[in-house]
Amino acid sequence: MCGIAAIVSHQAVNQELYDALTVLQHRGQDAAGIVTCENGRLHLRKENGLTRDVFNNDQMMRLRGNMGIAHVRYPTAGCTSSAEAQPFYVNSPFGLTLAHNGNLTNTEELKKALFVEDLRHINTDSDSEVLLNVFAHELQSLGKLHLSVEDVFEAVSGVHRRCRGAYAVVVMIAGFGVLGFRDPHGIRPVVFGERKSDHGPEFMIASESVALDVLGFNLIRDLEPGEAVFIEESGVLHTRQCAKAIDHCPCIFEYVYFARPDSIIDDISVYKARLRMGEKLAEKVLRVWPDHDIDVVIPIPDTSRTAALQMANRLGVKFREGFMKNRYIGRTFIMPGQKMRKKSVRQKLNAIGLEFEGKNVLLVDDSVVRGTTSEQIIQMARDAGAKKVYFASAAPPVRYPNVYGIDMPAAHELIAHNRSEEEVCAAIGADRMIYQDLDDLIDAVRKGNPNIKHFDTSCFSNEYVTGDIDTAYLERIEAMRNDSAQSERNSQNFIIEMQNCG
């Protein structure tokens with residue numbers, strides 16, 4: 001999962017792109033990058049690390065220009081090498097930079113075609129570089145010396161014909177403008193908005209509406225699946241549907257975990273969707289466990305707080321904050337490597353003993369993925385004096401890999417894979433486990449926008465909306481992306497980077 005942003009303004013955009021990345025930091029903590037354009041010349045800064053660590057005053061001053069794009073990275077493909085920080089750049093044609101959220105599912109096929117047919121070289125393992133080169137080739141194949149907006153949209157149509165998977169993308173064309181587009185299934189979110197200024201309208205594209213809110217842009221709408229928006233450097237906006245066939249299937253995990261609660265995605269309030277998740281989960285408890293002995297509901301900060309509060313209200317039991325969170329530790333789920341995830345839990349959370357001692361506690365989390373964090377938190381609750389520890393998940397069991405940009409690719413790393421709910425309960429050490437039903441989760445989210453007929457629920461249901469995922473693909477992805485394989489690649493890249501420094 002990554003965060004993308006783009007701004008076309010009548011004033012310098014470096015500070016506002018930086019601010020956008022800090023707002024979208026929850027979507028990726030591995031790397032950050034900004035590229036701006038001034039008089040046709042591109043200025044780029046990107047590196048591994050949090051936004052606040054990647055940019056200093058001198059670097060920000062070099063990011064001159066009134067339009068630019070930005071990215072925060074969470075590694076789902078390739079490795080955590082700084083060479084794969086975004087935005088990516090190619091000089092031909094016209095000077096293009098790209099930032100991408102999502103994951104292509106036909107990367108290897110595209111790499112081969114780019115080399116053999118398009119005569120293009122791919123320098124990293126990132127599917128985002130592949131996507132950039134596909135777009136560049138489609139633009140170059142038009143054979144134009146001077147681009148038109150129609151040419152840009154035609155190139156996007158070419159991308160849709162060739163690329164499969166999930167992609168929400170921003171592209172900057174040096175001296176011409178900024179482009180945003182979304183895959184024909186609309187799996188990953190992207191919105192655009194407008195802000196009035198004394199010199200004319202200014203526009204912004206971002207992964208989530210909250211980034212627009214913070215910078216004073218008014219949300220126009222989400223990009224439709226397959227749609228593209230192009231903003232000329234002068235501030236003229238164009239939109240076009242560039243895909244022949246679309247099937248809107250947004251990722252339901254955005255509402256469960258990734259997106260900020262103050263965002264609106266595909267006309268659905270993330271906050272209200274999570275309230276409804278808590279309501280549905282409470283109704284399940286009352287249905288399957290009417291004589292429950294829960295004394296208190298305690299959320300696991302921060303994403304589950306909204307669902308837990310509504311759940312407590314519906315159950316008629318106390319809601320208490322039982323864990324204090326260290327704000328200077330990153331989100332555990334999106335940390336690369338299992339060892340780092342394990343190490344961070346005790347550093348991130350500390351229990352308030354008074355809320356646990358002698359009580360039957362229901363801990364509520366947004367989801368249970370690997371289960372390591374859940375197991376440690378349950379033990380923390382017992383150590384704090386809880387009599388019984390029950391565990392509730394606002395999402396159904398995560399049993400299958402997600403191939404559309406979420407770091408849960410290796411099935412054997414998922415605690416619910418090939419396990420019953422009772423077996424998961426025993427594995428994490430809870431006295432009772434309550435999972436959300438998938439139909440209830442879908443209802444909770446869809447209520448915000450009944451026009452959405454389908455969601456990507458692949459990590460729960462094993463149904464992949466792009467229709468191109470088979471067992472062989474999943475086995476290949478698992479071999480490439482499990483924690484041990486990533487650790488080995490990262491060690492090799494570290495050695496290479498140290499040799500280069502020497």
Side-chain angles (χ1 to χ4, degrees), residues 2-8 13-14 17-18 20-21 28 30-49 51 54-55 59-60 62-73 75 77-102 104 107 110-111 114-115 118-142 147 151-152 155-156 158-159 163 167-181 205 228 230-231 233 493 497 500:
C2 300
I4 58 173
I7 298 175
V8 176
V13 297
N14 53 352
L17 286 171
Y18 176 94
L21 292 188
D30 183 63
I34 295 174
V35 59
T36 59
C37 184
E38 179 192 44
N39 299 324
R41 177 166 292 183
L42 299 174
H43 306 282
L44 171 65
R45 167 63 181 169
K46 61 178 182 175
E47 188 55 79
N48 278 5
T51 301
V54 169
F55 303 97
Q59 292 155 352
M60 289 293 291
R62 296 189 195 105
L63 295 172
R64 300 183 299 273
N66 293 355
M67 69 175 182
I69 66 174
H71 185 267
V72 285
R73 181 173 187 265
C79 66
T80 57
S81 167
S82 60
E84 300 191 8
Q86 298 184 40
F88 282 110
Y89 165 72
V90 291
N91 63 0
S92 178
F94 308 109
L96 305 174
T97 59
L98 173 146
H100 162 222
N101 174 31
L104 300 183
T107 305
L110 290 169
K111 278 184 179 180
L114 284 167
F115 182 76
D118 302 347
L119 306 180
R120 286 184 169 271
H121 173 70
I122 304 300
N123 199 50
T124 71
D125 293 325
S126 173
D127 61 337
S128 302
E129 188 188 12
V130 172
L131 184 56
L132 170 59
N133 277 272
V134 170
F135 176 76
H137 177 77
E138 292 299 318
L139 205 57
Q140 191 163 16
S141 65
L142 298 175
L147 279 180
D151 295 332
V152 175
V156 175
V159 171
C163 296
Y167 48 93
V169 181
V170 287
V171 179
M172 183 165 61
I173 306 174
F176 190 36
V178 165
L179 167 72
F181 60 93
I205 306 168
F230 184 76
I231 306 151
E233 190 174 24
N493 278 286
E497 289 180 5
N500 290 338

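- Applying the ring-ring contact (aromatic ring centres under 6.0 Å, His included) test to F88 and every residue at least two apart in sequence or in another chain returns nothing.
- To the nearest 0.5 Å, atoms CG (L98) and CD (E129) are separated by 10.5 Å.
- G68 approaches V178 most closely through the heavy-atom pair O-CG2, 4.5 Å.
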Go through it in stages, so that I can follow the logic: the residues are F230 and F181, the test is ring-ring contact (aromatic ring centres under 6.0 Å, His included), and I'd like the CA-CA distance, side-chain angles, deciding distance and then a yes or no.
CA-CA 9 Å; F230 184 76; F181 60 93; over 10 Å; no
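- Using bins of under 30°, 30° to 60° and over 60° for the plane-to-plane angle, the ring pair Y18/F55 lands in the perpendicular bin.
- Remark: C163 SG to E138 CD distance equals 8.5 Å, nearest 0.5 Å.
- Using a 4.5 Å heavy-atom threshold, the side chains of L17 and T36 count as touching.
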Step-by-step side-chain contact (heavy atoms from CB on, under 4.5 Å) determination, R62 to H43
CA-CA 7 Å; R62 296 189 195 105; H43 306 282; 5.6 Å; no
Kindly indicate, with the supporting measurements, whether the criterion side-chain contact (heavy atoms from CB on, under 4.5 Å) is fulfilled by V152 and F176.
CA-CA 10 Å; V152 175; F176 190 36; 3.8 Å; yes
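- Looking only at distances, no side-chain donor or acceptor of N101 sits under 3.5 Å from a matching main-chain atom of A168.
- Using a 4.5 Å heavy-atom cutoff, the side chains of T97 and V171 are not in contact.
- Heavy atoms only, all atoms of each residue included: A5 and A20 are closest at CB-CB, 4.0 Å.
- With a 4.5 Å cut-off on side-chain heavy atoms, L139 and L147 count as touching.
- Contact annotation: the side chain of C37 approaches that of M172 to within less than 4.5 Å [non-hydrogen atoms, C-beta and beyond].
- Pairing each heavy atom of L44 with each of P87, the nearest pair is CD1-CD, 4.0 Å.
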Criterion side-chain contact (heavy atoms from CB on, under 4.5 Å) on Q86 and K46, from CA distance to verdict:
CA-CA 7 Å; Q86 298 184 40; K46 61 178 182 175; 5.6 Å; no
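- Note that the CG atom of L42 and the OH atom of Y89 stand 6.0 Å from one another [nearest 0.5 Å].
- Note that CG of D127 is 4.5 Å distant from CG of L104, once rounded to the nearest 0.5 Å.
- Of the N and O atoms on the side chains of E84 and T124, not one donor lies less than 3.5 Å from an acceptor on the other residue.
- For the atom pair CG (N14) and CE (M60), the distance works out to 4.5 Å, reported to the nearest 0.5 Å.
- Taking the side chain as every heavy atom from C-beta outward, L132 and L96 approach each other to under 4.5 Å.
- In this structure, H71 contributes its side chain and H100 its backbone to a donor-acceptor pair below 3.5 Å.
- A heavy-atom distance below 4.5 Å is found between the side chains of Q140 and R120.
- Here the shortest heavy-atom pairing between A31 and A85 reads CB-CB, 3.8 Å.
- For the pair A228 and L179, the tightest heavy-atom approach, listed with the atom from each and the gap, is CB-CD1, 4.0 Å.
- Annotation: the span from E233 atom CD to I173 atom CD1 amounts to 11.0 Å, rounded to 0.5 Å.
- The two atoms that bring I69 and A6 nearest to each other are CG2-CB, 3.7 Å, heavy atoms only.
- Residues R45 and V54 have side chains in contact (heavy-atom distance under 4.5 Å, counting atoms from C-beta outward).
- Contact check for I205 versus I4: no side-chain heavy atoms found under the 4.5 Å cut-off.
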Just do the side-chain contact (heavy atoms from CB on, under 4.5 Å) check on Y167 and L131 with the steps written out, would you?
CA-CA 9 Å; Y167 48 93; L131 184 56; 4.0 Å; yes
